[in-house]
Amino acid sequence: MTPERLRSARLVALFLLGWLGFNTPPLRLVSRDAWVAGLPLAWVYLFSVWTLLIALLAVTVRPPRGE
Amino acid sequence: MLSAAVLVAVALAYIGLLFLIAWRGDRRAARRGSPLASPWVYSLSLAVYCTAWTFYGSVGRAADDGYGFLPIYLGPTLGAVLGWVVYRKILRIAKAERLISIADFIASRYGKSTGLGALVAVMAVVGTVPYIALQLKAVASSFELLWRATHPAALPFDQLSLLCAGLLAVFAILFGTRSVDLTEQHSGLVLAIAFESLVKLVAFLAVGVFVVWDLHGGLGELFARAAADPKLRVLLARGGASDGDWAWMTFLSLLAFWFLPRQFQVGVVENVDERHLRTSAWVLPLYLLVINLFVLPIALAGRLAPATRGVPGDSYVLALPLATGRPWLAVFVFLGGLSAATGMVVVESLALSNMVANDLALPWLLRRAGPAGGDFRRPLLVSRRLAIVGILLFGHLFAVFASSGISLVTIGLISFAAAAQVAPALLGGLFWTGATRRGALAGLLGGFLVWGYTLTLPTLVAAHLLTPSFLDRGPFGIALLRPNALFGLTGLDPLSHSLLWSLLVNVLAFVGISSLGGQTAVEERQARRFVGIFRRRESEAPVWSAETPVAAVRDLLARFLGEERTESALAGWAEERGGDLGRAVYAEPELLAYAERLLAGTTGAASARVALASVAEEQPLDVGEVVELLDETARNLAASRNLAEKTRALEAASAELLRVNERLRELDKRKDEYLSTMAHELRTPLSAVRAFAEILHDNPDLPVERRAAFLRIIEKENERLSRLIHDLLDLAKLEADDPGALLEPFDLAAAVGDAVESLRQLSATRGIALEYRRDGELAVQGDRDRMIQVAVNLLSNAIKFCPREGGRVVVAAHRAGDEIELSVSDNGPGVPAADRDTIFERFRQLGRPAGGGAGTGLGLPICRRIVAQHDGRISVEDSPAGGARFLVILPAARSEGEEWNPGAVS
């Protein structure tokens, strides 16, 4: 696989990961009256997944060396 | 406190600052290179996605239903993830084809269809004007809120909205319609938009930080207070929220992020380098995350604070600082909201005006003015400016008259759903060459109609323009047609319901009609260019035929681009190609293609084609194109067919090869056996002769009787040797001989009779009964002596293999139809079925004969050879008596008067 195709494959995988993370079933699991360090579980969960996704995305789209 | 003068001054100063930034941006672009070269400016300009809806409406929605605002930003985040895969393709195509709007993109993909472009333009305008109205309304009501905090008298709302619309129209016209070439980026305008994105982010964060850490003692404390309120506690746990609606909203926002007219404008048209997508891919989601961080806390604080009781959630952002005595923070927040609204309005109206001017007005202008019409630059610019003014005016009117009673979020989502309708045609056209113009038209139209019916009509009810019974009981009382429960589908919120139906109808019509086929040549070419953009070669087959005067092309270009730009563009082209346009009379097809691209940058693809068609003739399909087209499909087809054929042939050949190889091995083995057998056969009598000769030589005084016996053995062995050699030579001779040489009729019955007689003595000495049954005369053509040889051979074999006691050999010769049958049967051991073919091959003796003595192993091969030369065949089968029955069948010779008497037996 060329680096570009590999990147595309990773991005599609990331998309699926994001879609799954932002939706049911995980979303249903955190939709309850639970608290993490004084913050609502759903709020913490959604923003954590979001942050993680952005971090992975930033690493994945990095330009190849020498560009 | 805020005085009216200060408030107005601040607002005007901010708008003035925007003008300044845009003006400086344009100047910088002209002198030192565009600020758009920075990926950060590009990424920030994409944040034009966040409008007043985000700024004010998110908090309002969060105050009502908790997390419901989030999917609107999660969708674009996911869209950014796929940006490098999908959006980059759109970007690449738009740059290559010089496309300037969504309408242009779709029109160009489906054969540069003017009708399709017009439809998309209308859809975009209808879908977006309410959205623009929403921004104007947000600006006006936020200003009003600020004003009322210090002044008892109310401001006239509609005048505020009109003032705002007017200022934005001036801005958009000044920085958006300066040049007639739309592929030139609007550096100043985009720079101002990026700046506004920063302002709205900082303003929102400022109010967030203030609310969380100043009004409450931090996030934990704020959430703890909210948790004490049972209603808010349920909200925070997403109690009652629907995951299905959430998913639909995420999906919808993703599509909107890609296909809203303003997103296309900043994301594609204003893009100068596709590598910027690398930066925007993570910067934009990060921006969205940060701007949403405080939405829920602000909403909770708004619901908790006594001062904001009764205030709509949409106003919390502004009302909270005002109510707690932070007027300057409120002003800053107002500027943030103003940024969000103005950025959206400017870019959206610019994008829409391009569609309206190029896809609606220009085709009409072209038709009206005809090819001879004068300079098109002014009419184009004027129609763009008029379009901007018209769109903003419509927005203003909508804001004043129709939007009461509809929340910000609702209007925004209706707009999103309209933008999503282009998704099937656009994405389908990006990856599916089979998508046709008719399919796209049907899909867009169907989706748009369903969208209008299920989503827009209900808002008219909310705005008191329709009676509620329309919603509750359906049109004319037909319950199945209720806009919010079409065909009885209930249980979804109105947005998901509308999306489900509209996208379903859209996709079905698009795919269904497309699969009926019917692409024109232009469509097919465009389809290949779009779908295969990453594989595209540098030069494309020209579409225009060459019989066009250069002067006509020059003229046409000048009418759209002006004399100066036309001259420099043509000169540049000539220089690049190393030619001289001054001397050429007729334009080359390549020049015409170049002219079309130049025009497209100003007029859009569909109109460019129409305009150029007024001076040049379009080749329906040139030869190269046909060949390429045919090649592409035929090659694939032929390749697969060929492959199948070749595979079959190869399989057959390899099977044949295997068979031949096997046979060769067998023959090789047989040859070795033959040689060793022959050597052995020759050596045995030779050894005997030599041994006895040595005895005679070494013992000169042997008795005479013994000497005579030895000599007889020598003689006998010598005879055998001679016979063997004779047989070998005979066979070789038979194989080399021309069988036709000795053909004459003879009586086979008599010949066989001779053979039988010659062996009767031998059989009698062995006690074997020999019987010969024959018909009368049996005439055959051939060599009598050879046939006797066959008979003797078969007969002596039979005698050899018969048992010593009770042996019985029956020879029979008679006629069967056109053939003569000669059979020799014995009651010996017989020939096993497996050996019946090989027995006729050389040196294939089966065991030792009962009567002792060895044959040469050449008898049967010789027989077969002779019979074959007589056009007959020889075979062996089981005889009724239990032994072998050799059967020779020969064609009968026809002679007159011949009588056949089957009864006669001798």
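Here is the naming used below: chain letters follow the sequence lines, and residue numbers restart at 1 for every chain.
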**Asked** Side-chain contact, heavy-atom cut-off 4.5 Å: B:Y67 with A:P40?
**Response** yes
**Reported CH2-to-CZ distance for the pair B:W282 and A:R62, which is rounded to 0.5 angstrom** = 12.0 Å
**Message:** Please identify, among A:L27, A:N23, A:V61, A:T24, the residue contributing the most non-hydrogen atom pairs under 4.5 Å to chain B.
**Reply:** A:L27
**Which of B:L219, B:L293, B:V85, B:L222 touches chain A most, by non-hydrogen pairs under 4.5 Å** = B:L293
**Side chain to side chain, A:W35 and B:L236, heavy atoms closer than 4.5 Å** = yes
**Contacting moiety of B:L296, where chain A heavy atoms sit under 4.5 Å** = side chain
**Message:** To check you understand the geometry: which heavy-atom pair defines the closest contact between A:D33 and B:R233, and what is its length?
**Reply:** OD2-NE, 2.6 Å
**Item:** Aromatic ring proximity B:F223/A:W43, centre distance under 6.0 Å
**Value:** yes
**Message:** Side chains of B:L289 and A:I54, heavy atoms from C-beta outward: is any pair under 4.5 Å?
**Reply:** yes
**Prompt:** Non-hydrogen atoms of chain B under 4.5 Å away: do they reach the side chain of A:L41, the backbone, both or neither?
**Reply:** neither
**Asked** Quick one: of A:L39, A:V49, A:V30, A:T60, who has the most non-hydrogen atom pairs under 4.5 Å with chain B?
**Response** A:L39
**Complete:** Most heavy-atom pairs under 4.5 Å with chain B, out of A:T51, A:L14, A:L11, belong to A:L11
**Asked** Where do B:L82 and A:V12 land on the side-chain contact (heavy atoms from CB on, under 4.5 Å) test, with the steps shown first?
**Response** CA-CA 7 Å; B:L82 280 190; A:V12 171; 4.1 Å; yes
**Prompt:** Any chance OH of A:Y45 has more than 12 other-residue heavy atoms, nucleotides or ligands included, within less than 6.0 Å?
**Reply:** yes
**Request:** Return the minimal non-hydrogen interatomic distance between B:V81 and A:L53, and the atom names on each side.
**Result:** CG2-CD2, 4.3 Å
**Request:** Please lay out, stage by stage, how A:F15 and B:L254 fare under the test side-chain contact (heavy atoms from CB on, under 4.5 Å).
**Result:** CA-CA 11 Å; A:F15 171 83; B:L254 191 166; 3.7 Å; yes
**Prompt:** Got B:R238 and A:R32 here, is their nearest side-chain heavy-atom distance under 4.5 Å?
**Reply:** no
**Request:** Heavy-atom distances under 4.5 Å only: say whether B:L70 touches chain A with side chain, backbone, both or neither.
**Result:** side chain
**Asked** Taking the side chain as C-beta and beyond, is there a heavy-atom pair between A:W50 and B:N292 under 4.5 Å?
**Response** yes
**Asked** With respect to chain B, which residue among A:A58, A:G18, A:A37 yields the maximal number of heavy-atom pairs within a distance under 4.5 Å?
**Response** A:A58
**Request:** Output the residues of residues 209-218 of chain B for which the shortest heavy-atom distance to chain A is under 4.5 Å, in residue-number order; output 'none' if no such residue exists.
**Result:** none
**Options A:S31, A:G38, A:A55, ranked by heavy-atom pairs under 4.5 Å with chain B, top entry** = A:S31
